[in-house]
Amino acid sequence: MRVDIISIFPEYFAPLDVSLMGKARERGILDIRLHQLRDWAHDVHRTVDDTPYGGGPGMVMKPEIWGEAIDAVVGAAAAGGEAAPEGAVAPRMIVPTPSGRPFTQEVALEYAKEPWLLFTPARYEGIDSRVMAEYGFRLRVDEVSIGDYVLAGGEAAVLVMVEAVGRLLPGVLGNAASVADDSFAPGTMENLLEGPVYTKPPTWRGHDVPEILLSGHHGKIARWRRDEALRRTAEKRPELLARLDPDSLDKHDRQL
Ligand SMILES: COc1cccc(Cn2ccc3ccc(-c4cc(N)[nH]n4)cc32)c1
């Protein structure tokens with residue numbers, strides 16, 4: 001998967017050089033390319049923002065700069081300037097914003113199927129809306145929110161999304177099963193929160209690991225883990241239980 005990120009703070013993405021994402025880049029599973037938006041600002045101060053039409057606080061990011069940057073990044077492939085990933089003529093353009101559709105595991109799975117993503121994290125009060133209109137159809141623009149709180153810009157949201165999507169790509173996680181066991185992943189534990197996890201020592205500062213986990217009885221362990229997931233979900237995210245397929249709950253589940 002190719003990932004292009006256009007930002008006035010490309011240094012914000014240094015974390016993508018380390019850990020799982022860093023290894024995925026080294027192994028060629030992820031091809032992440034960073035672009036400094038100001039490289040397409042031609043005035044001496046490399047200005048990327050201006051005052052909002054209609055007045056109001058803050059500044060808005062200028063459409064011309066974004067248009068030139070996106071055309072350069074996307075056009076280079078479309079113009080045959082370089083091999084587009086897996087024949088993709090154009091990327092999916094993803095715009096982080098507080099007013100977007102919720103970014104969920106389902107959306108991460110949707111993005112993980114794309115050969116090429118273009119992230120356009122903004123600053124100030126956002127990007128002139130005509131940019132999303134200009135590329136809406138051709139780049140299948142998706143405006144997404146990573147949560148109901150307001151960040152200072154889109155870069156942190158891009159870090160979150162690249163990690164959530166990157167870990168789903170084949171070969172990135174050592175233990176492929178762990179993706180299938182994710183909370184919110186389709187399958188037996190879907191839409192349930194993770195239960196508690198333990199490792200050695202069996203006792204630590206007077207806290208014992210639940211006996212069942214030391215029993216070696218895999219059927220009972222699986223049952224205990226599902227019970228804990230159901231309990232934790234009922235306690236912390238009851239609304240997720242309402243989304244569960246009733247047929248996926250057995251007699252034992254219903255007794256909890
Ligand atoms: C656009 O409307 C805004 C209103 C007030 C402040 C800001 C700040 N800001 C600028 C660019 C930007 C990109 C994403 C986010 C963001 C995403 C989520 N889930 N929270 N916050 C916030 C951003 C924007």
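Counting starts at 1 for both ligands and their atoms, following the listed order.
A salt bridge does not link Arg232 to Glu194: none of the charged side-chain nitrogens sits closer than 4.0 Å to a carboxylate oxygen. Using a cutoff of 4.0 Å between basic side-chain nitrogens and carboxylate oxygens, Arg140 and Asp142 are not scored as salt-bridged. For Arg226 and Glu228, the salt-bridge test fails: no basic side-chain N is under 4.0 Å from an acidic carboxylate O.
Protein heavy atom nearest atom 20 (N) of ligand 1, with residue, atom name and distance: Tyr149 O, 2.6 Å. Closest to atom 22 (C) of ligand 1 among all protein heavy atoms lies Leu151 O, 3.5 Å. The single protein non-hydrogen atom nearest to atom 6 (C) of ligand 1 is Val150 CG1, 3.4 Å, given as residue, atom name and distance. Among protein heavy atoms, the minimum distance from atom 11 (C) of ligand 1 is reached at Ala122 O, 3.3 Å.
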Are Asp50 and Tyr124 close enough, and set up right, to give a side chain to side chain donor-acceptor pair (under 3.5 Å), and what steps lead you there?
CA-CA 10 Å; Asp50 205 335; Tyr124 307 101; over 6 Å; no
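Listed by number with element, the atoms of ligand 1 under 4.0 Å from a non-hydrogen atom of Ser145 are 19 (N). Atoms of ligand 1 lying under 4.0 Å from at least one heavy atom of Tyr124, given by number and element, are 7 (C), 8 (C), 9 (N), 10 (C). Atoms of ligand 1 found under 4.0 Å from any heavy atom of Pro96 (numbered from 1 in listed order, with element): 13 (C), 14 (C).
Residues Leu192 and Leu244 meet the side-chain proximity criterion, which asks for heavy atoms closer than 4.5 Å. Annotation: side chain of Leu16 is not in contact with side chain of Val3 (no heavy-atom distance under 4.5 Å).
For atom 4 (C) of ligand 1, the nearest non-hydrogen atom from the set Glu143, Met61, Arg123, Glu125 belongs to Glu125. By heavy-atom distance, the residue among Gly58, Ser99, Gly153 lying nearest atom 12 (C) of ligand 1 is Gly153.
The aromatic rings of His35 and Trp40 sit tilted, their planes meeting at an angle between 30° and 60°.
Heavy atoms of Phe103 come nearer than 4.0 angstrom to ligand 1 in no pair at all. By the 4.0 Å heavy-atom criterion, Gly147 is counted among the residues contacting ligand 1.
In this structure, Tyr149 places its OH atom where more than 12 heavy-atom neighbours from other residues, nucleotides or ligands lie under 6.0 Å away.
Cluster annotation: Leu214 and Ile221 are assigned to the same hydrophobic cluster (Ile/Leu/Val/Met/Phe/Trp/Tyr, side-chain heavy-atom contacts under 4.5 Å, transitive).
In terms of polar-atom proximity, defined here as any N/O pair under 3.5 Å, Pro98 makes no such contact with ligand 1. Ligand 1 has no N or O atom lying under 3.5 Å from any N or O atom of Ala157, backbone or side chain. In terms of polar-atom proximity, Thr97 is not counted as a contact of ligand 1, lacking any N or O under 3.5 Å from an N or O of the ligand.
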